[in-house]
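For this chain, numbers begin at 1 and follow the sequence in order. Keep in mind that this is a model prediction, so the values were computed, not measured.
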Amino acid sequence: MTAPVLRMADVTSGYRGIPAIRGVGLEVLPGEIVAILGANGAGKSTTLLTLAGVLTPLSGVVEALGQPVVGGRPHLVARRGLCLVPDSRALLHGLTVRENLAVALSRSTARIAADNAARGLSLLRPNPGETIVVTGASGALGGAAVQFARLQGLTVIGISGRSSLEYVESLGATAVEHGDDLADRVRAVAPGPIDAALDTAGKGLVSTLLDLRGGTGRVVTLADPAAAAQGVTFSAGHPGNRDSRPVREALEHIAAGRWRTRIARTFPLHRAAEAHRTLEAGHTGGKLLLVP
């Protein structure tokens, strides 16, 4: 007899100890397509959340691919190839794909990056035509800083790893690989003196920026709190200094096609578990997208 890929046996589940479904039994065999039908409040979402490991059942058995589903740990279930994909309520159907992505920016880490990058630049008091160095230029924070700076009419020299140089160039910056003799190599590509420097990477690069600037004036770090001991301005993001204006500005630039977000890899939906493992491993080099 073929074993089910999904099984619920006499499952009671709900929220904060209050049952929303009781005594549910369900089996899905390999190759089957199963629909759960019911009115609002019947428990469809609760059933799916319990199957995916988001909710911990109050009683009963939940299994995926022959193994128990551990409630409250959906990432472990995703590694087996099972995840919950919400329906289309998250999409604004009157908007284009680009505009939907723009709306998503306001609820993601990109929102924090835009806010912090704009704050760091404002502390440097840049003027159009000046030259600024940005470390970590290929990251979410550094990439936002590069794009804001370019939109303000600045010449930008972006520091990044070798594999990201092309991406940094695509943002409108002159890319320089971090490594030995970094200050000399930056000076070699600069059109003139370095007017300001923004550190978004940490990793000990502040000393290079001090060398380029000849002191602490107009050097800001968003990533190295220890640099404050050297007289460098350190600015950390927190709820008290959040500003929604840079986020709105970034949204407008995205909608107009003037803003880039780095996409590292795309995965078809049936490889969601692989995408999750890649994300957990870190160092993705950009966003991961799941596509239908």
Do Leu51 and Val62 come close enough that some side-chain heavy atom pair is under 4.5 Å? yes

To the nearest 0.5 Å, tell me how far Thr135 OG1 sits from Leu141 CG. 8.5 Å

Taking Asp180's backbone N and O only, do any of them form a donor-acceptor pair with Arg185's side chain (distance below 3.5 Å, no angle check)? yes

Provide the full list of side chain to side chain donor-acceptor pair (under 3.5 Å) pairs with a residue in residues 168-178, sequence neighbours left out, each pair given once. Arg162-Glu177, Ser170-Arg260

Main-chain N/O of Gly136 paired to Ser160 side chain as donor or acceptor, under 3.5 Å: no

How close do Ala145 and Ala117 get, counting heavy atoms only, and between which atoms? N-CB, 3.5 Å

Should Val54 and Ile36 be regarded as members of a common hydrophobic cluster, given that ILVMFWY residues are connected when their side-chain heavy atoms come within less than 4.5 Å of each other, either directly or indirectly? yes

For the backbone of Thr131 and the side chain of Asp195, can you confirm whether one donor and one acceptor N or O come within less than 3.5 Å of each other? yes

Between Thr12 and Pro19, the two heavy atoms sitting closest are CG2-CB, 3.8 Å

Less than 4.5 Å apart, side chain to side chain, heavy atoms only: is that true for Leu210 and Thr216? yes

To the nearest 0.5 Å, how far apart are CG in Leu58 and OG1 in Thr56? 8.5 Å

Of all heavy-atom pairs linking Tyr15 and Ala20, the shortest is CE1-CB, 4.0 Å

Give a yes or no answer on whether the side chain of Arg7 reaches the backbone of Glu27 with a donor-acceptor pair at less than 3.5 Å. no

Tell me, which pairs form a side chain to side chain donor-acceptor pair (under 3.5 Å) where one or both residues lie in residues 30-44, sequence neighbours left out? none

Can you see which heavy atom on Ala137 is nearest to which on Leu171, and at what distance? O-CD1, 4.0 Å

Shared ILVMFWY cluster between Leu121 and Leu151, side chains joined below 4.5 angstrom? yes

Taking the side chain as every heavy atom from C-beta outward, state whether Ile132 and Pro126 have any atom pair closer than 4.5 Å. no

Stepwise, does the side chain to side chain contact (heavy atoms under 4.5 Å, CB included) test hold for Leu82 with Leu65? CA-CA 9 Å; Leu82 172 64; Leu65 300 175; over 6 Å; no

Checking the side chain of Arg150 only, and the main-chain atoms of Ala173 only, is there a donor and an acceptor separated by less than 3.5 Å? no

Rounded to the nearest 0.5 Å, what separation is found between the CG atom of Leu212 and the CD1 atom of Ile157? 8.0 Å

Val133 side chain near Ile159 side chain, heavy-atom distance below 4.5 Å: yes

Nearest 0.5 Å, please: how far is CG in Leu26 from CD in Glu63? 12.0 Å

With the side chain counted from C-beta on, respond yes when Val69 and Met8 share a heavy-atom pair under 4.5 Å apart, and no when they do not. no

Determine whether Leu154 and Phe148 satisfy the following criterion, side chain to side chain contact (heavy atoms under 4.5 Å, CB included), listing intermediate values before the conclusion. CA-CA 9 Å; Leu154 303 178; Phe148 274 135; over 6 Å; no

With clusters defined by side-chain heavy atoms of hydrophobic residues (ILVMFWY) lying less than 4.5 Å apart, directly or transitively, does Val186 cluster with Leu198? no

Are Val189 and Leu205 joined in one hydrophobic group, where the rule is that I, L, V, M, F, W and Y side chains link up if heavy atoms are under 4.5 Å apart? yes

Trace of the side chain to side chain contact (heavy atoms under 4.5 Å, CB included) decision for Thr278 with Arg271: CA-CA 11 Å; Thr278 301; Arg271 291 171 57 193; over 6 Å; no

Roughly how far apart are Leu209 CG and Thr221 OG1, rounded to 0.5 Å? 8.0 Å

Between CG on residue Asp199 and OG on residue Ser235, distance to nearest 0.5 Å: 12.0 Å

Can you see which heavy atom on Pro30 is nearest to which on Val5, and at what distance? CG-CG1, 3.8 Å

Where Pro57 and Val11 come nearest, the two heavy atoms and their spacing: CB-CG1, 4.0 Å

Verify same cluster id: Leu124, Val134 (apolar side-chain graph, 4.5 Å): yes

Side chains of residues 224-234: which donor-acceptor pairs under 3.5 Å do they make with residues two or more places apart or in other chains?
unit_1, atom_1, unit_2, atom_2, d
Asp224, OD1, Ala226, N, 3.3

